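Computed from heavy atoms alone, side chains included, the values below leave out hydrogens, waters and symmetry copies. All values derive from a computational prediction rather than experimental measurement.
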Amino acid sequence: MNRTIIVTGIPGTGKTTVCNLVEKLAKEAGVKVNVLNYGTVTVETLQKYGKSVDRDAMRKTDLDFQRKLQKEVAEIISERIKQLSGITIIDTHMAIRTPGGYMPGLPNHVMQFLKPEMFVLVEARPSEISSRRMKDANRKRDDAMEEAVKDELLFSRLMAGACAVLTGAPVKVAVNAEGKPEEAAREILRALGVM
Amino acid sequence: MNRTIIVTGIPGTGKTTVCNLVEKLAKEAGVKVNVLNYGTVTVETLQKYGKSVDRDAMRKTDLDFQRKLQKEVAEIISERIKQLSGITIIDTHMAIRTPGGYMPGLPNHVMQFLKPEMFVLVEARPSEISSRRMKDANRKRDDAMEEAVKDELLFSRLMAGACAVLTGAPVKVAVNAEGKPEEAAREILRALGVM
Amino acid sequence: MNRTIIVTGIPGTGKTTVCNLVEKLAKEAGVKVNVLNYGTVTVETLQKYGKSVDRDAMRKTDLDFQRKLQKEVAEIISERIKQLSGITIIDTHMAIRTPGGYMPGLPNHVMQFLKPEMFVLVEARPSEISSRRMKDANRKRDDAMEEAVKDELLFSRLMAGACAVLTGAPVKVAVNAEGKPEEAAREILRALGVM
């Protein structure tokens, strides 16, 4: 039996750290967890087409192509999951901030294909997210950045709400507080009934 | 002619009190209102299957069973409504906080079946909701509880927004202020054009 | 080649001013932009039916008629767009506050028909929106009005999030700060890759 969950989080929430800890803690509890990165599969698929990976440029020129690509990536991931046992985490984004607006990471046609049993939003305090981004980019943290982070968190929740209504699967908020990523990972495992 | 509306509210908003007042005030105005409780019909249907009523345990083990159950409950409610005249209120939840995350009370396949003409969100101030829950559970009201209540109110709105876009029906917010449930009931009746 | 975007904004955000500036600035850059007003086409279509334009009264009595009307308006707009070249802006509303609740301006069946590549939310500070409404209506700006405006902005975002998930198209927030509508217009044109 295979179970699929989708774990999302905006940049700076520490989503990847949390996913890795879920895998590690589950292993210690005797449960196999696989992590599939949606972005990685997208890049591989694009390379097959000989296209560059500039997603933003792509968006502007060809929404139809993007839909086709998203569907193909969903099919590839869906095939891989069939060959796996245990719990598969699809590591992706709910709302992606681009110059063209908030892109849905999980449009309806993709979501229906992946049939997840749960959507996870890894969240953190806006001030902590801003601090982490600041370190990454050598930028100064300011009020404008924190407002932008709040909006990104909100749009992620909005889209997650729509995903839940469309599929019937729940939305779990896992808070990744500074220095306590294990708590967020345990929260996800509890939601899965594993711990 | 029969009209169907869906009335939702998180625990502590006084949704049931408001529903009963809508029924009473409508009767005084010569309009018949029936209240059907979604949870009650779910329990009856589960008993038919000989299953326990532990919805949370169910969620974890079998999302497909739950979808089937939800559809069956929607069919039963839909059949009952056909035999009723006047306005039928389906008393249910929009977003249900569980250890597994926020469950959508009205996933798309259920909603489409019920064909409501309006979604009502009974809301109250987070501090009032927290106080009412505190009395119920002998717990101390604290900031964490109030934050949790704010999140529950937000996820209910998120899912209601998706319900509106999916059906074309409006979302009415009815505020149940402390000591004034009649005002909330009148607000709902006005939205229905009854008062 | 024709591109369609949907521009929405609650009353008082200055949506119409921004739409007109998008048209003007695009023209200066050698790009043709057409603005189609959804409400205007709706009124024309209603007149064809000999119905009055009291949308709110309509809503209460006949949700089916409204769905039919919305579909017909979407078809008319879709036909007009086919005869246009360049970028077409459909000027409409995301969430419409009525006594019957927040009506979705773009229910799923309408949206799917219009196939937009982007949803734009023209927003402004709640205090600025309240001030503009106050001038229009000779009302006093107060806290209740500002709370109502915040809720309208939120419900517009909620419904936009659902639209994005349902179509795969992004949601662009364009802030129309007092005295700087050109900035909002340029932001939209940048999102379209025109500037």
Side-chain angles (χ1 to χ4, degrees), chain B residues 1-8 31 87 94-95 102 104 106-109 111-112 114-123 125-126 150-151 153-175 177 183-184 186-195, chain C residues 6 8 54-71 73-74 92-114 119 121 144 147-148 150-167 169 171:
Chain B
M1 185 209 164
N2 197 305
R3 300 169 68 184
T4 304
I5 69 168
I6 292 179
V7 178
T8 67
V31 176
I87 295 165
M94 190 54 84
Y102 292 99
L106 293 160
N108 193 31
H109 67 288
M111 218 176 20
Q112 300 293 354
L114 298 173
K115 292 190 176 56
E117 68 172 272
M118 178 164 65
F119 297 96
V120 178
L121 294 173
V122 179
E123 294 188 352
R125 281 176 191 278
K150 279 183 195 168
D151 275 3
L153 288 168
L154 179 62
F155 271 95
S156 296
R157 287 184 165 202
L158 300 189
M159 293 191 188
C163 288
V165 170
L166 283 161
T167 58
V171 178
K172 176 71 187 174
V173 176
V175 178
E183 281 189 17
R186 281 181 206 282
E187 187 74 13
I188 294 169
L189 287 163
R190 268 193 296 272
L192 282 162
V194 169
M195 289 191 122
Chain C
I6 292 179
T8 68
D54 184 349
R55 288 214 215 174
D56 192 52
M58 189 177 67
R59 180 192 53 71
K60 282 173 195 155
T61 50
D62 201 340
L63 195 63
D64 282 338
F65 173 74
Q66 196 179 150
R67 283 215 185 92
K68 196 169 154 271
L69 174 68
Q70 283 174 320
K71 188 160 171 274
V73 172
T92 188
H93 296 279
M94 189 55 83
I96 307 156
R97 192 189 187 95
T98 76
Y102 292 98
M103 294 286 296
L106 293 161
N108 193 30
H109 65 290
V110 168
M111 219 176 20
Q112 299 294 353
F113 210 88
L114 297 174
F119 297 95
L121 294 173
E147 281 309 305
K150 279 183 195 167
D151 275 4
E152 282 179 61
L153 288 168
L154 180 62
F155 272 95
S156 295
R157 286 185 166 201
L158 300 189
M159 293 191 187
C163 288
V165 170
L166 282 162
T167 58
V171 179

request  = Please report the closest heavy-atom contact between B/A162 and C/A162, naming both atoms and the distance.
outcome  = CA-CB, 3.8 Å
message = Using every non-hydrogen atom in the two residues, find where B/P170 and C/M103 come nearest and quote the distance to one decimal.
response = CB-SD, 3.5 Å
Euclidean distance, B/E123 CD relative to C/D151 CG, rounded to 0.5 Å = 7.5 Å
ask   = Which answer fits B/V173, side chain, backbone, both or neither, if we ask what part of it has an atom under 4.5 Å from a heavy atom of chain C?
value = side chain
message = Measuring only between side-chain heavy atoms, which start at C-beta, is B/T167 closer than 4.5 Å to C/R67?
response = yes
ask   = By a 4.5 Å heavy-atom criterion (distance strictly below it), what part of B/I188 contacts chain C: side chain, backbone, both, or neither?
value = neither
request  = Specify the closest pair of heavy atoms between C/P104 and B/A164, including all atoms of both residues, with the distance to one decimal.
outcome  = CG-O, 3.3 Å
key: Non-hydrogen atoms of B/K172 and C/P99 that approach each other most closely   = NZ-O, 3.1 Å
note = Applying a strict 4.5 Å limit to non-hydrogen atoms, the region of C/M94 in contact with chain B is neither
key: Heavy-atom pair with the smallest gap, counting every atom of C/L106 and B/V165   = O-CG1, 3.8 Å
ask   = Which value, rounded to the nearest 0.5 Å, describes the distance between B/L166 atom CG and C/H109 atom NE2?
value = 11.5 Å
